[in-house]
Amino acid sequence: MLEDDKDWSEQEWIRWTVEEYTPYRTWQIYNHIYDEEVEKTVRRFSSWYINEYASIHKESDLSLIHSLKSLSTTEVKDELSIILLIDCLPIPFMTLLDDALRNAGFSRHDSGYRFAPLPTITECSKPMLLSGEWEGPVKSYETILKTRAISDWGGRNIVYLSNLKALTDMKPPTEATIAVLNYLDGDELLHADVESKNTSYEDELYRLFTRIADAVNRAFETWECLPEAFNVHVVTDHGACMILEEERRAFDSKIVNKLFSNERHRFAVVDEAKIDEIPKNLWELGYQFKRPFVADNKIYFLPNGHSTVRLPSKRKGYLHGGITPEEVIVPTALYRKVKAAWIKPAVRFLNLDLEPETGRAKFYIQRVVNLEIEIRNLNSTDIKILRASVLSPETDVKGCDSPIIPAHGESVLHMNCYFEKTALEQQELEIEISYEIAGEAYTFTHTLGCEFKSAIRAGFSLKDL
């Protein structure tokens with residue numbers, strides 16, 4: 001968790017949310033366990049996001065508002081794109097949609113995470129996401145898309161689909177087309193209490209996502225286009241959080257209860273002219289937020305961390321509108337019907353002890369040697385190291401970590417190796433590394449010229465220990 005005297009960057013917050021916080025929060029939800037130490041870091045995120053909001057949303061690779069910018073340029077004249085706008089898609093459930101699309105024969109070509117605008121609700125996020133602008137005249141989604149197609153998307157044909165049946169019934173286009181499916185069923189499901197019906201959110205969402213994947217696959221089979229010219233973009237307008245009972249019954253929740261009007265939403269709107277009517281001690285329980293890029297007189301009250309909104313009676317379900325990591329940080333992805341041509345990671349050894357005469361790396365046998373291997377990822381999506389082993393010489397690997405190599409970044413893999421006596425006859429160290437990228441596993445080998453020596457031979461120094 002974030003230490004008191006340290007700060008995290010945008011990418012560090014994303015990594016913590018995806019790799020550590022989200023799995024743990026899911027465990028908390030299913031076991032009904034509150035953790036105050038974790039909640040402190042969640043509150044730190046809320047405060048950080050409020051302070052950095054304007055600068056984050058100026059970045060085209062961070063802001064959700066700019067996530068459809070990639071459609072502005074294309075090299076394929078007859079390109080056909082489907083935008084799956086899944087209303088309310090928290091990070092934990094993205095894997096279900098990914099599995100469904102893979103089972104339908106699609107491969108993930110890109111993935112990432114974006115920061116949703118505040119408050120994290122459809123009325124705020126979706127028009128901005130579709131238009132790529134912070135504000136504009138109130139229009140229908142279809143009108144917004146057709147306007148943007150003229151200004152940003154090369155005048156391509158726009159087809160707006162308000163439900164899955166519209167996609168199924170859609171006639172094959174005869175020109176470059178962007179079809180946008182505004183899918184609302186997932187949002188309705190997450191707001192419902194499915195557990196009372198003896199089922200789970202995972203089971204029900206996977207059923208919905210399988211139907212989406214099948215419909216997209218039928219569209220591909222029906223439309224006459226090259227596989228590489230058929231793109232499926234996955235985006236969402238916001239995430240969501242589940243409130244624990246201890247958070248729901250907290251003192252903060254009781255204080256702000258009357259300020260919120262909607263059980264599904266974790267925010268309140270106050271007219272700027274009436275701001276003085278709100279008690280000052282109430283603002284201390286959250287944040288007084290005014291949108292920086294929008295010209296209106298609205299002031300939003302946003303709760304700090306998971307301090308909930310309105311106390312529901314017996315109703316359960318996911319909520320959104322606040323500024324927890326699971327509400328703000330949302331997934332994006334690109335799928336195609338062809339396999340992605342990923343670039344093999346670049347590898348180099350660090351902190352080697354080289355022989356002056358030969359320039360080869362020097363290792364000692366029958367002792368634990370720590371290998372530091374820097375791995376660089378040249379792809380646009382993260383790489384996860386699955387395992388690493390030594391093919392030659394004979395080696396007992398005492399320990400090995402499994403780092404995540406960020407997109408266009410690098411990380412260091414540590415291996416603790418015990419080289420057997422037979423290594424004295426070898427002049428090469430060959431390692432094998434298995435990794436996963438976009439859900440697919442790959443393996444490569446890397447060889448290093450070296451010399452293996454015995455620590456009991458003449459010339460060995462205690463400084464070599």
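- When atom types are taken as modelled, the side chain of Asp193 and the backbone of Gly317 share no donor-acceptor pair closer than 3.5 angstrom.
- Under the 6.0 Å cut-off for aromatic ring centres, Phe301 and Phe267 do not qualify, their centroids lying 6.0 Å or more apart.
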Quick one: do Leu205 and Leu190 satisfy side chain to side chain contact (heavy atoms under 4.5 Å, CB included)? Show the steps, please.
CA-CA 9 Å; Leu205 282 175; Leu190 288 176; 3.9 Å; yes
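- Ring orientation note: the planes of Trp16 and Tyr21 are close to parallel, at an angle under 30° on the 30°/60° scale.
- The aromatic rings of Phe220 and Phe106 lie perpendicular to each other, with more than 60° between the two planes, well past the 30° mark.
- Side-chain contact check for Pro173 versus Leu80: some heavy-atom pair is nearer than 4.5 Å.
- A donor-acceptor pair under 3.5 Å is formed between the side chain of Tyr201 and the backbone N or O of Ala192.
- Using modelled atom types and a 3.5 Å distance limit, the side chains of His238 and Thr120 yield no donor-acceptor pair.
- Interatomic distance, Leu386 CG to Ile437 CD1, rounded to the nearest 0.5 Å: 11.5 Å.
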Start with the C-alpha gap between Leu97 and Leu89, add the side-chain angles, then the distance that decides, and say whether side chain to side chain contact (heavy atoms under 4.5 Å, CB included) holds.
CA-CA 10 Å; Leu97 180 57; Leu89 180 61; 4.3 Å; yes
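- In this structure, the side chain of Tyr49 does not engage the main chain of Leu118 through any donor-acceptor pair within 3.5 Å.
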Could you give me the CA-CA distance, side-chain angles and deciding distance for Leu413 and Cys400, then say whether side chain to side chain contact (heavy atoms under 4.5 Å, CB included) is met?
CA-CA 8 Å; Leu413 168 68; Cys400 179; 3.7 Å; yes
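- Here the side chains of Leu244 and Arg25 are in contact, with some heavy-atom distance below 4.5 Å.
- Thr147 contributes a side-chain N or O that, together with a main-chain N or O of Thr143, makes up a donor-acceptor pair within less than 3.5 Å.
- Heavy-atom minimum distance, Ser81 versus Leu71: OG-CD2, 3.9 Å.
- The list of side chain to side chain donor-acceptor pair (under 3.5 Å) pairs with a residue in residues 37-46, not counting sequence neighbours, reads Glu36-Arg43, Glu37-Lys40, Glu39-His306.
- Outside the 6.0 Å centre-distance limit, the rings of Tyr206 and Phe93 are not counted as a close aromatic pair.
- Side-chain contact of Ser380 with His408: a donor-acceptor pair under 3.5 Å is absent, judged by distance alone.
- Side-chain polar atoms of Thr22 and Thr17 form no donor-acceptor pair below 3.5 angstrom.
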Kindly determine whether Asp396 and Lys398 satisfy salt bridge (charged side-chain N to carboxylate O under 4.0 Å, His left out), including the steps that lead there.
CA-CA 6 Å; Asp396 182 9; Lys398 299 293 186 180; 2.9 Å; yes
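- Remark: the Tyr24 side chain and the Asp35 side chain contain an N/O donor-acceptor pair separated by less than 3.5 Å.
- Side chain to side chain, Thr332 and Ser67 fail the donor-acceptor criterion of an N or O pair below 3.5 Å.
- Asp98 and Tyr335 form a side-chain donor-acceptor contact under 3.5 Å, judged by distance and modelled atom types alone.
- Between Met415 and Asn370 there is no side-chain heavy-atom pair separated by less than 4.5 Å.
- Leu64 is not listed as a side-chain neighbour of Tyr113, based on a closest heavy-atom distance of 4.5 Å or more.
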Please step through side chain to side chain contact (heavy atoms under 4.5 Å, CB included) for the pair Asp187 and Asp237, ending with a clear verdict.
CA-CA 10 Å; Asp187 179 71; Asp237 50 353; over 6 Å; no
Chi angles and distances behind the salt bridge (charged side-chain N to carboxylate O under 4.0 Å, His left out) call for Glu374, Arg348:
CA-CA 5 Å; Glu374 183 185 73; Arg348 67 167 180 163; 2.7 Å; yes
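- Shortest non-hydrogen contact noted between Leu129 and Thr236 is CD2-O, 3.7 Å.
- A distance below 6.0 Å separates the ring centres of His191 and His320.
- Looking at heavy atoms from C-beta onward, Asn231 lies out of side-chain contact with Ile82 at the 4.5 angstrom threshold.
- A salt bridge links Arg266 and Glu327; the closest N-O separation between the charged side-chain nitrogens and carboxylate oxygens is under 4.0 Å.
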Would Glu79 and Arg156 satisfy salt bridge (charged side-chain N to carboxylate O under 4.0 Å, His left out), going step by step from the backbone distance to the final call?
CA-CA 9 Å; Glu79 185 178 67; Arg156 274 181 278 182; 2.6 Å; yes
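- Look at Glu440 and Lys339 and you find a salt bridge, because one of the NZ, NE, NH1 or NH2 atoms lies within 4.0 Å of a carboxylate O, short of that distance.
- Every side-chain hydrogen bond (donor to acceptor under 3.5 Å, both in side chains) that Lys126 has, sequence neighbours left out, goes to Asp87, Asn182.
- Looking at every heavy atom in both residues, Val216 comes nearest to Phe230 through O-CZ, 3.9 Å.
- Between Asn377 and Glu410, the side chains place no donor N or O within less than 3.5 Å of an acceptor N or O (distance only, hydrogens not considered).
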Could you check Asp203 against Arg207 for salt bridge (charged side-chain N to carboxylate O under 4.0 Å, His left out), going step by step and ending with a plain yes or no?
CA-CA 6 Å; Asp203 288 345; Arg207 178 180 59 82; over 6 Å; no
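- The two residues Ala100 and Ala213 make their nearest non-hydrogen contact at O-CB, 3.3 Å.
- Relative to the ring axis of Tyr300, Lys290 does not place its NZ or CZ within 45° and under 6.0 Å from the centre.
- Evaluated for a side chain to side chain contact (heavy atoms under 4.5 Å, CB included) with Tyr183, the options Asn163, Leu84, Leu208, Leu85 yield exactly one hit, Leu208.
- Under the 3.5 Å distance criterion, the side-chain polar atoms of Ser131 are matched with a main-chain donor or acceptor of Glu133.
- No hydrogens or angles considered: a donor-acceptor pair under 3.5 Å links the side chains of Thr199 and Glu204.
- A donor-acceptor distance shorter than 3.5 angstrom exists from the side chain of Asn379 to the backbone of Ile343, with no hydrogens or angles considered.
- Between the side chain of Ser63 and the backbone N or O of Ser60, no donor-acceptor pair lies under 3.5 Å.
- Across Leu302 and Gly321, no two heavy atoms sit closer than the pair CD2-O, 3.6 Å.
- A donor-acceptor contact shorter than 3.5 Å links the side chain of Gln28 to the backbone of Ile33.
- With 3.5 Å as the limit, one finds a donor-acceptor pair spanning the side chains of Tyr287 and Asn304.
- Proximity of His66 to His57: side-chain heavy atoms (C-beta onward) are nowhere separated by under 4.5 Å.
- Below 30°, between 30° and 60°, or above 60°: for Phe45 and Trp13 the angle between ring planes is above 60°, a perpendicular geometry.
- In this structure, Pro127 and Tyr141 have side chains that are in contact, with non-hydrogen atoms separated by less than 4.5 Å.
- Within the 3.5 Å criterion, the main-chain N or O of Leu130 finds a donor-acceptor partner in the side chain of Arg148.
- Using a 4.5 Å cut-off on side-chain heavy atoms (C-beta onward), Lys171 and Trp223 make no contact.
- When atom types are taken as modelled, the side chain of Asn103 and the backbone of Asp99 share a donor-acceptor pair closer than 3.5 angstrom.
- In this pair, Tyr442 and Tyr435 present their aromatic rings parallel. The plane angle is below 30°, not in the 30 to 60° band.
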